[in-house]
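Written out below as structure tokens is the structure these notes cover.
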Amino acid sequence: MNWLNDNVVLLTLIAAAAIIILTVGVVGKYMKQMQNDKSGGELAKENWDGIGEYKNPLPIGWALSFLGTIVWGLWYVLAGYPLNSYSQIGEYNEEVKEHSTRFESKFSNPDKATLMGMGEGVFLVQCAPCHGVIGDGINGKAANLTKWGTEEAVVATILNGAKGSNYPMGEMPAGLLDAASAKAVAAFMMQEISSVKKTKNAALVEEGRALWATCSACHGEDGKGMDGSAANISNYGDAKFVVNVLGMGKKGAIGSMPKFNDGRLTNVQKLAVGTYVNSLAK
Amino acid sequence: MFHWLERNPFFFAVGVFLVIAYAGVVTILPDFMESARPVVGKKPYTVLELAGRQTYIKDSCNACHSQLIRPFKSETDRYGMYSLSGEYAYDRPFLWGSKRTGPDLMRVGNYRTSDWHEYHMMAPTSVVPGSIMPAYKHMFSNTADIETAYAEAYTVKTVFNVPYDKPDMPKLGTLDESKKEVMAQAALIVADMKSQEVKDAFKKGEIKEIVAIIAYLNSLK
Amino acid sequence: MQAKDALNYDYSVAKCFTYATILFGIIGMLIGVVIAYQMAFPELNYLAGEYGTYSRLRPLHTSGVIFGFLLSGIFASWYYIGQRVLKVSMAESKFLMVIGKLHFWIYMIVILTAVVTLFMGVSTSKEYAELEWPLDIAVVVLWVLWGFSIFGLIGIRREKTLYISMWYFIATFLGVAMLYLFNNMEVPTYFVSGVGKWYHSVSMYAGTNDAMVQWWYGHNAVAFVFTVPIIAMIYYFLPKESGQPVFSYKLSLLSFWGLMFVYLWAGGHHLLYSTVPDWVQTMGSIFSVILILPSWGSAINMLLTMKGEWGQLKANPLIKFMVLASTFYMLSTLEGPIQAIKSVNALAHFTDWIPGHVHDGTLGWVGFMLMAALFHMAPRMYKKELYSKKLMEAQFWLQTTGIVMYFTSMWIAGITQGMMWRATDQFGNLAYSFIDTVTVLIPYYSLRATGGLFYLVGFFMFSYNMYKTISAGKAISSEPQNASPMSA
Ligand code: HEM
Ligand code: HEM
Ligand SMILES: [Ca+2]
Ligand SMILES: [Ca+2]
Ligand SMILES: [Cu+2]
């Protein structure tokens with residue numbers, strides 16, 4: 001953890017200690033006076049309900065501190081603050097710039113392990129409230145990412161259809177193919193079209209190729225989605241597919257998945273979380 | 001001099017009043033002069049959203065949730081762009097809060113959706129294990145007070161010139177017209193929801209508090 | 001003995017407010033303990049349907065303790081101290097007696113209505129100013145009545161010079177009047193539109209402006225309800241109970257005017273890093289730091305009044321309560337300014353450290369001082385000895401333990417929370433999801449709630465002690481000049 005590199009944290013810890021030490025110190029001093037000193041002084045002539053008043057002078061430490069803070073305050077208001085020309089948004093911009101220079105070059109070409117580590121962190125903060133900490137979609141409340149992105153999931157999509165990202169083509173209807181054909185097309189798609197480039201059912205690939213026309217009507221011969229008319233499934237199984245979902249959102253059969261295009265996630269972070277999500281289905 | 005004040009309570013009181021009054025004048029008034037203008041594109045709340053906002057206030061969500069994103073990277077990463085003064089131009093009262101027992105909600109409309117809110121308000125732990133937020137089941141059975149929401153919109157329109165019924169701005173119109181708008185907006189939310197109770201009530205023309213508060217939460221962007 | 005020439009002071013209104021203090025103290029703190037346990041055990045939210053959720057109860061806790069417990073305590077001590085330091089009895093004026101009674105009954109009606117409406121969820125959401133406009137108007141009436149009482153009594157006083165406590169009572173009256181009026185400017189919607197709930201209103205100010213007015217009010221509500229009238233009490237009760245003259249007139253004077261001048265500027269510290277102008281925030285921070293001195297001035301004046309009186313501190317539990325109250329006053333008025341430093345506030349704001357700060361002030365300073373005040377008043381109002389010194393000692397230690405548990409747990413919780421919100425992992429990304437920062441705090445929430453429970457049990461001990469004093473205390477023949485008589 002880099003807690004002590006954070007000035008704010010450091011200052012806060014010092015502040016908390018200072019509160020205790022100063023209070024205990026000063027009160028302790030007066031407690032000693034209660035124990036050891038004697039009260040006294042010249043009494044004023046007034047008296048209220050038996051309460052008198054001494055004409056004692058100001059405690060010197062108190063008076064000097066008061067004066068000191070007043071002088072400091074005047075200086076700050078009249079000179080310190082205007083000269084400093086502070087702006088909190090300026091400070092924020094500095095903070096972001098410093099962060100960027102520190103991390104952007106470091107992670108401009110992240111390797112797989114880096115993406116996985118970073119992606120897990122992003123997932124737990126941004127995605128877990130809907131998809132659950134383990135990505136299982138919390139009993140059908142969001143997409144079950146431990147199943148999603150696999151060959152079985154493609155079969156399910158063909159059987160059940162897909163909707164929700166508002167492509168010009170609209171929805172992908174359910175029941176385009178029967179179960180056996182769906183399995184074959186899925187094998188073909190995984191092997192030849194998707195970026196997974198392998199299938200569990202190599203034997204079915206050729207059968208699937210024959211049926212591919214059903215799909216290419218919308219997704220195009222190459223599966224690239226015909227310039228955004230339908231989903232680009234050529235990068236199915238790749239982080240890019242997830243990045244695309246993050247950009248488009250999805251209001252599907254399960255529920256709605258928000259868009260992540262409000263600037264909270266950088267491109268590297270999106271790629272990272274995509275890589276991580278793809279690793280969830282085993 | 002001070003002894004004199006202490007024997008003349010009237011002047012003493014005047015003295016105290018002057019000393020305490022002018023700090024307010026000096027620090028508060030200048031901002032009123034250049035009163036925060038709405039940022040470009042900012043729209044006033046629709047009547048349904050206002051009803052949701054009133055529900056938010058009725059149940060004091062602001063006891064646990066802030067609506068103020070400070071300009072720190074740690075906050076903009078979590079919640080989105082830091083807040084601007086002009087974004088609050090239609091917030092009467094402001095709802096910044098002073099405690100984050102739960103997360104900030106200033107832009108929750110960007111990253112949560114109707115169906116999620118439905119699960120969450122019904123049983124927070126069903127989506128966020130370990131959540132200490134109370135469940136708000138009663139919002140699924142209490143009916144939202146659309147008339148008071150309309151009254152509020154009408155009032156701010158009349159008294160503070162909030163731009164309802166202007167081009168590109170939410171329609172207000174008469175109470176009946178406004179109720180139609182409200183039903184239309186509510187229909188979209190109800191369609192995304194799963195609760196049969198809420199759907200049935202909506203068919204009868206009743207809008208539950210949960211629908212209004214979801215409309216409000218979705219409007220926070 | 002001064003008792004011989006003592007006037008026949010009329011304590012009937014002071015007694016009424018004493019009962020109210022105890023009643024609302026129990027209600028307010030009971031709700032405090034409930035909401036504190038709800039944060040550790042959320043299942044407790046469902047004991048009373050929609051009326052039992054944390055968020056309905058929290059404004060009831062704050063309004064209950066502030067406007068119920070605290071304000072009754074302030075009024076009780078005003079109706080006690082006022083007559084004595086002005087050397088005039090309320091009974092000398094029929095008018096003032098009527099005003100006093102009316103003040104009490106209207107107050108009770110307002111507070112009870114407030115409790116009911118807050119349970120129903122009728123609220124304007126502004127912290128410490130949740131009440132809707134019909135109640136605001138009632139509050140204004142109530143306040144004006146109090147004003148009549150203060151200035152009426154001053155009008156017929158025998159003691160020409162106002163005692164220090166009077167300065168602070170006058171300031172309380174004026175400060176709250178000004179703040180409350182401006183922060184509650186709202187437009188009733190029914191009267192403009194003709195539809196909807198008749199009692200609903202909308203704020204006169206919007207957004208950032210509303211926030212400025214609210215925290216100008218909110219911060220100074222702390223000043224003029226949690227601080228100024230409590231100082232009025234300690235300046236009377238500590239010297240009176242101990243028989244020691246106030247240490248220094250000059251220190252009283254400078255602290256008073258310093259406090260008045262500086263406090264009002266500091267409200268900006270509730271809005272640091274918000275969208276209010278930078279310079280307003282900066283003023284808030286600067287004046288907060290300067291504010292340490294006038295605040296500490298009064299506390300030091302009181303501690304020095306006890307110079308050489310260690311014996312009394314050991315022997316008299318009332319003195320213990322008051323000396324510890326000054327100490328907690330010093331702690332919270334150093335803590336506040338330090339939290340008002342922008343970089344510290346960046347971490348502390350929105351965290352549990354703020355409720356931690358709040359409760360060192362309210363439990364340690366306000367609560368202790370109020371209870372000591374009522375303890376001091378009881379033998380004199382009822383002509384009875386205090387019922388049990390042992391019980392008082394036990395209460396003192398139990399509640400002190402409770403406060404220490406409360407603020408240490410909230411300091412740790414708040415700072416932990418603040419650090420976790422900011423923490424980043426090796427990739428520079430947020431290290432914790434929000435819920436991680438909630439679940440780590442549960443043990444501290446339990447500890448805080450238990451500390452609060454100790455304090456509440458202590459308050460029951462106090463209430464019982466007061467009840468027994470009134471109902472079964474040993475009668476005393478003449479009023480004691482100083483140390484309050486108490487049975488072992
Ligand atoms: C020199 C005196 C004081 C200063 C400068 C001061 C400063 C502060 C600051 C900076 C905050 C936190 C604002 C935030 O970040 O949310 C705060 C909150 C608070 N303080 Fe103090 N404080 C002082 C004394 C006290 C005392 C004596 C009490 C009570 C007896 C008190 C009661 C409160 C309360 C109730 C809040 C919470 C306000 C809210 O709801 O947000 N303060 N104070
Ligand atoms: C039995 C003792 C008490 C307990 C257990 C207790 C508990 C609580 C809790 C749990 C909160 C909410 C904190 C949060 O939002 O996280 C709170 C807030 C508050 N309490 Fe208490 N409380 C007690 C006594 C008091 C007393 C005696 C006073 C005043 C005289 C008081 C004044 C306040 C104030 C002003 C707040 C609002 C703080 C803020 O908004 O920052 N409390 N209390
Ligand atoms: Ca607060
Ligand atoms: Ca009000
Ligand atoms: Cu303050």
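Chain naming here is simple, since letters A, B, ... match the order of the sequence lines and numbering starts at 1 in each.
Taking chain A as the reference chain and counting heavy-atom pairs below 4.5 Å, the highest number among B/Arg78, B/Met81, B/Arg70 is found for B/Arg78. Counting heavy-atom pairs closer than 4.5 Å to chain B, the top residue among A/Gly132, A/Gly255, A/Ala142 is A/Gly255. With chain A as the partner, the residue from B/Gly109, B/Ser131, B/Pro71 showing the most heavy-atom pairs under 4.5 Å is B/Pro71. Considering only heavy-atom pairs separated by less than 4.5 Å from chain A, the leading option among B/Ser126, B/Pro129, B/Ser114 is B/Ser126.
Here the side chain of A/Glu171 pairs no donor or acceptor atom with the backbone of A/Gly161 at under 3.5 angstrom. Side chain of B/Lys43 to backbone of B/Pro170: no donor-acceptor contact under 3.5 angstrom is found. In this structure, the side chain of B/Glu87 engages the main chain of B/Leu84 through a donor-acceptor pair within 3.5 Å.
Contacts of B/Tyr79 with chain A are made by backbone atoms alone, with heavy-atom separations under 4.5 Å and no side-chain atom involved. Residue A/Glu46 touches chain B through its side chain alone, counting heavy-atom pairs closer than 4.5 Å. Contact annotation for A/Leu265: neither backbone nor side-chain heavy atoms come within less than 4.5 Å of a heavy atom of chain B. Both the backbone and the side chain of A/Lys141 come within contact range of chain B, with heavy atoms under 4.5 Å apart. For a residue to count as touching a neighbouring chain, one of its non-hydrogen atoms must lie under 4.5 Å from one of that chain's; by this rule B/Lys221 does not touch chain A. In this structure, the portion of B/Tyr119 lying under 4.5 Å from any heavy atom of chain A is its side chain and not its backbone. Both the backbone and the side chain of B/Asn110 come within less than 4.5 Å of a heavy atom of chain A.
Taking the six-membered ring wherever Trp is involved, the centroid distance between the rings of B/Tyr82 and A/Tyr92 falls below 6.0 Å.
A salt bridge between B/Arg100 and B/Asp104 is present, with a side-chain N of the basic residue lying under 4.0 Å from a carboxylate O of the acidic one. A salt bridge links B/Lys208 to B/Glu206: at least one charged side-chain nitrogen sits closer than 4.0 Å to a carboxylate oxygen. A salt bridge does not link A/Glu98 with B/Lys73: every distance from a Lys NZ or Arg NE/NH1/NH2 to an Asp or Glu carboxylate oxygen is 4.0 Å or more. The residues A/Glu53 and A/Lys45 are annotated as not salt-bridged, no charged nitrogen and carboxylate oxygen being separated by less than 4.0 angstrom.
Among the residues in residues 239-251 of chain A, those with a non-hydrogen atom closer than 4.5 angstrom to a non-hydrogen atom of chain B are A/Lys251. Of residues 57-91 of chain A, those residues with a non-hydrogen atom less than 4.5 Å from any non-hydrogen atom of chain B are, in numerical order, A/Gln88, A/Ile89.
Few gaps surround CG on A/Asn261; more than 12 heavy atoms of other groups in view lie less than 6.0 Å from it.
Of all non-hydrogen atoms in A/Ala153 and A/Lys147, the two that sit nearest each other are CB-O, 3.6 Å.
Looking only at atom types and distance, the side chain of A/Gln126 has no donor-acceptor partner in the side chain of A/Gln269 under 3.5 Å away. The closest side-chain donor-acceptor pair between B/Glu209 and B/Thr143, if any, does not fall under 3.5 angstrom. Under the 3.5 Å distance criterion, with hydrogens and angles disregarded, a donor-acceptor pair is assigned to the side chains of B/Asp59 and B/His138. Residues B/Asp91 and B/Tyr45 bring a donor and an acceptor atom of their side chains to less than 3.5 Å of each other.
Taking the six-membered ring for Trp and thresholds of 30 and 60 degrees, A/Tyr276 and A/Phe123 have ring planes inclined between 30 and 60 degrees apart.
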